[in-house]
2 protein chains.
Amino acid sequence: MSSTTLMRQEMLETPERLADQWTANRDAIAAIAADLTARPDAPWWVTARGSSSHAGAFFAAAAGLGAGRVVGEITPSLFTVYGQKPRLAGAVVMAISQSGAGSDINAVVEAANATGALTLGLTNDPASQLAATAAHTIDLAMGPEKAVAATKTYLGTLAAAARLVATVANDQELEAALERLPATLADRRDHQPPLEASALAAFDKPGFVLGRGVSLGIAREVALKFKEVCVTPAESFSAAEFIHGPLTLVGPGTPVLMICLDDATRPGLIDTAHRLAELEANVTLLGPDLDDVEPAAHLSVISRPATGNVFTDAIAMAFDCYGALEARAVALGYDPDQPPNVRKVTSTY
Amino acid sequence: MSSTTLMRQEMLETPERLADQWTANRDAIAAIAADLTARPDAPWWVTARGSSSHAGAFFAAAAGLGAGRVVGEITPSLFTVYGQKPRLAGAVVMAISQSGAGSDINAVVEAANATGALTLGLTNDPASQLAATAAHTIDLAMGPEKAVAATKTYLGTLAAAARLVATVANDQELEAALERLPATLADRRDHQPPLEASALAAFDKPGFVLGRGVSLGIAREVALKFKEVCVTPAESFSAAEFIHGPLTLVGPGTPVLMICLDDATRPGLIDTAHRLAELEANVTLLGPDLDDVEPAAHLSVISRPATGNVFTDAIAMAFDCYGALEARAVALGYDPDQPPNVRKVTSTY
């Protein structure tokens with residue numbers, strides 16, 4: 001029996017599983033991309049829960065930035081609890097579910113099929129109900145996930161979503177970065193210093209995780225994992241929203257982790273970091289290639305290795321954070337595989 | 001000079017201002033509804049920030065439940081920070097901005113116009129940039145809002161959004177409830193016992209505000225106001241999401257306020273309330289006509305007067321909560337008109 005947690009074991013498998021994913025899905029993604037390209041004015045929707053919903057937020061940012069599409073989120077309760085069948089004729093609906101067994105997500109896909117939408121299922125189980133229901137399936141191919149806290153399936157969903165966007169957009173540079181990603185992450189795991197639990201040490205009280213644009217879905221996932229495995233209250237925000245109302249809660253020592261990618265959001269995030277540091281928050285700016293950002297009073301800067309593309313950088317940041325979150329949970333005395341009150345559920349009333 | 005806060009004064013003006021709103025917009029809403037009805041397969045999008053975004057969530061629920069449309073949220077940063085111009089041909093884009101001066105929201109509307117969308121502006125200033133840019137404008141007509149914490153403009157946006165849905169759906173019963181709403185809220189203000197600050201007394205530590213479906217946009221707004229005026233950390237969730245990961249944070253005494261409307265979400269919310277009470281959280285179930293729900297250990301039930309329709313009930317619940325939040329802020333020694341660190345801003349980088 002291994003002495004490490006399931007959460008860490010599964011997170012560490014990510015590089016090899018991502019290589020499997022591309023092998024398994026090359027044809028499927030090409031076929032889906034062709035169908036999407038043939039519908040230039042189709043609205044794109046995503047439906048998902050929990051970590052998969054955070055992957056959906058990443059997909060929305062990638063689709064907007066990479067493929068010129070806006071992506072809306074569909075709340076399953078409209079279909080399940082309220083029993084509505086909204087018009088989705090001509091739309092594209094992507095459903096994300098690790099297990100593929102969530103009855104609420106599957107209800108959305110069935111209704112979407114019935115009203116004339118093109119449905120896509122991203123699932124880690126190609127024998128699942130979701131795979132049987134959706135018109136197209138992308139098999140995440142990440143191997144069985146036993147940990148309560150999703151890690152490799154979240155990362156696999158980001159990679160698959162980025163692949164789909166790259167193919168629709170014919171973005172060779174992103175495709176190349178995704179081809180390199182298994183090796184990039186394996187190098188991070190095997191040869192680079194990991195992001196340590198100490199990077200999260202500011203979170204000894206309720207705090208915040210901020211992102212913007214491509215990093216927002218990563219910030220949301222990190223905030224959920226703070227809750228789930230570190231039993232630490234942490235709320236995520238777009239940095240643009242945070243500097244309005246929620247800023248009231250910032251005072252000396254308030255922990256704030258900011259995920260800062262190397263794209264157009266970077267200058268604004270750095271400005272916000274300095275503004276929060278002036279309020280004496282305990283700010284950590286985390287991202288690829290931040291060596292040019294000077295630490296300051298109340299502002300720590302953690303520069304991580306870059307991957308050559310903003311979307312793969314985002315995936316690498318999530319990978320790094322998972323390692324640090326697991327280590328912090330263990331250091332705090334929690335078992336990340338046994339979060340209080342929670343079980344690995346697949347259905348929602 | 002009045003001895004009450006601007007926040008309370010403005011909140012208490014809501015009934016009269018809502019009457020003005022309908023007078024000012026009867027023709028505009030009919031014209032917009034005709035345009036929407038003529039585009040049965042148009043995707044609907046909303047773009048907004050802060051409290052207006054929470055009103056957008058209410059609009060999305062109302063449109064889904066009342067008019068059979070799904071509504072997605074567009075993040076302004078895609079247009080502003082990233083400089084993208086995603087395809088929105090044939091779409092309907094509703095922009096919500098109290099001031100109508102937010103450069104980010106206006107950038108979305110300009111781009112949406114340019115790519116062939118039908119744009120609607122909901123703004124409290126009919127002379128604003130938003131009103132000049134959007135193809136159609138609904139004038140919230142709530143009178144000048146000086147308080148930092150939005151109240152009457154949020155309530156006015158909910159009412160206008162519900163009006164639009166009622167007109168598209170030709171829902172006479174909802175239209176009648178909205179016609180009654182000014183008198184309903186005035187009666188609440190002038191003749192009914194208010195929701196007291198004591199209803200929120202559980203929030204002496206970080207807590208949660210839960211809703212689902214129609215109530216989710218209300219829960220989000222209440223959680224923001226907890227932060228903004230009571231300087232109390234409170235995060236909002238769909239009850240369906242909360243019972244997964246975030247449930248780890250619930251232990252003895254954790255404050256949880258649940259907004260429970262009289263619709264299909266009610267049984268599930270009551271079940272969740274009991275589950276949280278079993279974990280010894282400090283649960284308050286708040287909603288219209290809850291007299292049939294028995295209080296229990298760790299579960300308080302606050303039954304408020306009903307308004308005869310789920311959407312106007314939601315508006316009344318927000319009205320009630322604003323009063324209690326203002327009173328709690330004052331009782332805690334905060335000035336709701338001077339939230340720490342925050343100013344009434346209209347632009348976002």
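Letters A, B, ... are given to chains in the order of the sequence lines, protein chains preceding strands, and every chain is numbered from 1.
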Looking at chain A, which one of [options] has the largest number of heavy-atom pairs inside 4.5 Å, strictly under?
options: B/Val71, B/Leu279, B/Val70; result: B/Val70
options: B/Leu247, B/Leu78, B/Leu249; result: B/Leu249
options: B/Gly72, B/Ala67, B/Pro86; result: B/Pro86

| Mind checking whether B/Val81 and A/Thr265 have side chains closer than 4.5 Å, heavy atoms only? | yes

Given a strict heavy-atom distance threshold of 4.5 Å, which part of [X] is in contact with chain A: side chain, backbone, both, or neither?
X: B/Pro40; value: both
X: B/Phe237; value: side chain
X: B/Thr75; value: neither

| request: Spell out the residues in residues 58-65 of chain B that have some non-hydrogen atom less than 4.5 Å away from a non-hydrogen atom of chain A, in order of number; otherwise answer 'none'. | output: B/Gly64, B/Leu65

| said: I need the contact set between residues 219-234 of chain B and chain A: heavy-atom distance under 4.5 Å, sorted by residue number. | reply: B/Leu224, B/Lys227, B/Glu228, B/Val231, B/Thr232, B/Pro233, B/Ala234

| Quick one: side-chain contact (heavy atoms from CB on, under 4.5 Å) partners of A/Pro255, sequence neighbours excluded? | A/Ala202, A/Phe203, A/Lys205

| request: Not counting sequence neighbours, which residues clear salt bridge (charged side-chain N to carboxylate O under 4.0 Å, His left out) with A/Arg266? List them please. | output: A/Asp262, A/Asp292

| said: Are A/Trp45 and B/Trp45 an aromatic pair, judged by ring center distance below 6.0 Å? | reply: yes

